[in-house]
Amino acid sequence: MKISTVDKLKENLSEIVTIEGWLTGIRSSGKIAFLQLRDGTGFVQGVVVKNEVDEAVFESVKKLTLESSVRVTGEVREDTRSKLGVELGVSTLELIHSPIDEYPITPKEHGVDFLFERRHLYMRHKKPWAILRIRDEVERAMHDFFAERGFIRFDAPLFMPTAVEGTSNLFEINLFDEDSAYLSQSGQLYAEAGAMAYGKVYTFGPTFRAEKSKTRRHLLEFWMIEPEVAYMNHEENMQLQEDFVSYVFQRVLDNRQIELDLLERDQSKLQSVADGNFPRLTYDEALKKLAEHGEPLEWGDDLGAPHETLLGSLYDKPIFIEAWPTQTKAFYMQPYDDDPTRVKCADLIAPEGYGEIIGGSERIHDYDLLKQRIEEHNLPIEAFEWYLDLRKYGSVPHSGFGIGLERTLAWITGVHHLREVIPFPRMLTRMYP
């Protein structure tokens, strides 16, 4: 008995193989039964012809219910109608487990709440299956990109003594009634320490934002990739971001074709991103374009979701918006030498309404200026003594950025809401399962 997985069936054309998986659907014309099978690596149709199998096999097929686990043996046959290119001519079938109750997710339409209450089951179905396999590919591509360029992975703590950018949206933790800590909103500050030790590092892990938001762009818990590089300036930082995004998109196009087809994603839009050459606008140029399209902002205002969507709609590639007002951005961003009212930072805005994907900047490397900025932002200086130490001992210009995994995945897969691209979303309105 040769065991195969669904994704390898084309390599076994005309051979007899066994698939170990589950039944996702069944229909019968009386003398022929069509089984929709999955095994985690893909979906394939099994065809059972009454006259070609033992009577006991055909009778057992008629008794199958959705999500029965089965071991199916048959011949791999070409099927040009299938996206997979093959089907399985079933000869034997072994029932491993028959569901105790009727499987709750049926082919009929279900509401979002119904499906996400059953997220543990729903992820077996084609759309979430495809999305989460693309998530896996993106994570692998991310690690490969940095490894190929000499970065090391540097793990930042999830318990923080203070905030990176203020405490208004942090989850506070009571430490045995003696002190407080916060769940991390970013690994950046610790990655800067890593960059001073190893040159090029990146962090990857969950981050937390206590924002009482119900929008499609927010989760309470999400994953961030945050590289930091010693001796890298603002221009080089933007190029690294462009190279990274292009690399990830190309990897998905190369390795997740079946999944993108299942999602009916317009792959020409993804290829445009993979090709690079992202346009760049200054903050002032962005404000001018917004005004021209009926969305004026005052100088110093931050961009909201409608403004990001409008700017993103003007291009078929993501765009950098750089040279932001100092007053708008975080305390650690390096100002321009000839204009301290602006900082060397950029936001990367995705097209198709997906908004800001990356925030990055050159970091302040001067001790006195960084200390001044911490005080101006009313942050507790004692909590940042270690961070200031990085500017005391061998300080160098350095830069980095943060990219949200879920926002990037929503953009790649074309889905509307971030809850669809993480296995178990944590939201203001959802903590189960």
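Everything quoted here is computed from the prediction, not taken from an experiment.
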Problem - Residues in ring pair (Phe, Tyr, Trp, His ring centres under 6.0 Å) contact with H293, at least two apart in sequence or another chain - result: none

Handout entry: Pair W22 and Y103, ring centroids less than 6.0 Å apart
Key = no

Handout entry: Parallel, tilted or perpendicular: ring planes of H125 versus Y122, cut at 30 and 60 degrees
Key = tilted

Completion exercise
Exactly one candidate in E406, E211, E356, E308 meets salt bridge (charged side-chain N to carboxylate O under 4.0 Å, His left out) with R217; the answer is E308

Practice task
Return the set of residues passing ring pair (Phe, Tyr, Trp, His ring centres under 6.0 Å) with Y231 (not counting sequence neighbours), or none when no residue passes.
Solution key: none

Problem - Parallel, tilted or perpendicular: rings of Y387 and F331 (30°, 60°) - result: perpendicular

Problem - Ring-face cation contact, Y283 with R342, 6.0 Å cut, 45° max - result: no

Handout entry: Partner residues of F151 under the ring pair (Phe, Tyr, Trp, His ring centres under 6.0 Å) criterion, sequence neighbours left out
Key = F146

Practice task
Check side-chain contact (heavy atoms from CB on, under 4.5 Å) between I173 and all other residues, then give those that pass, not counting sequence neighbours.
Solution key: F159, L175, L183

Exercise for the section: Using a strict cut-off of less than 4.0 Å between a Lys/Arg side-chain nitrogen and an Asp/Glu carboxylate oxygen, indicate whether R153 and D155 qualify as a salt bridge. Expected result: yes

Problem - Under-4.0 Å salt bridge between R124 and E67 - result: yes

In residues 193-207, what donor-acceptor pairs under 3.5 Å come from side-chain atoms, sequence neighbours left out?
| from | atom 1 | to | atom 2 | distance (Å) |
| --- | --- | --- | --- | --- |
| K200 | NZ | R149 | O | 2.5 |
| Y202 | OH | H143 | ND1 | 2.7 |
| T207 | OG1 | F222 | O | 3.3 |

Fill in the blank from the handout: ring-ring contact (aromatic ring centres under 6.0 Å, His included) pairs touching residues 414-433, sequence neighbours excluded, are none

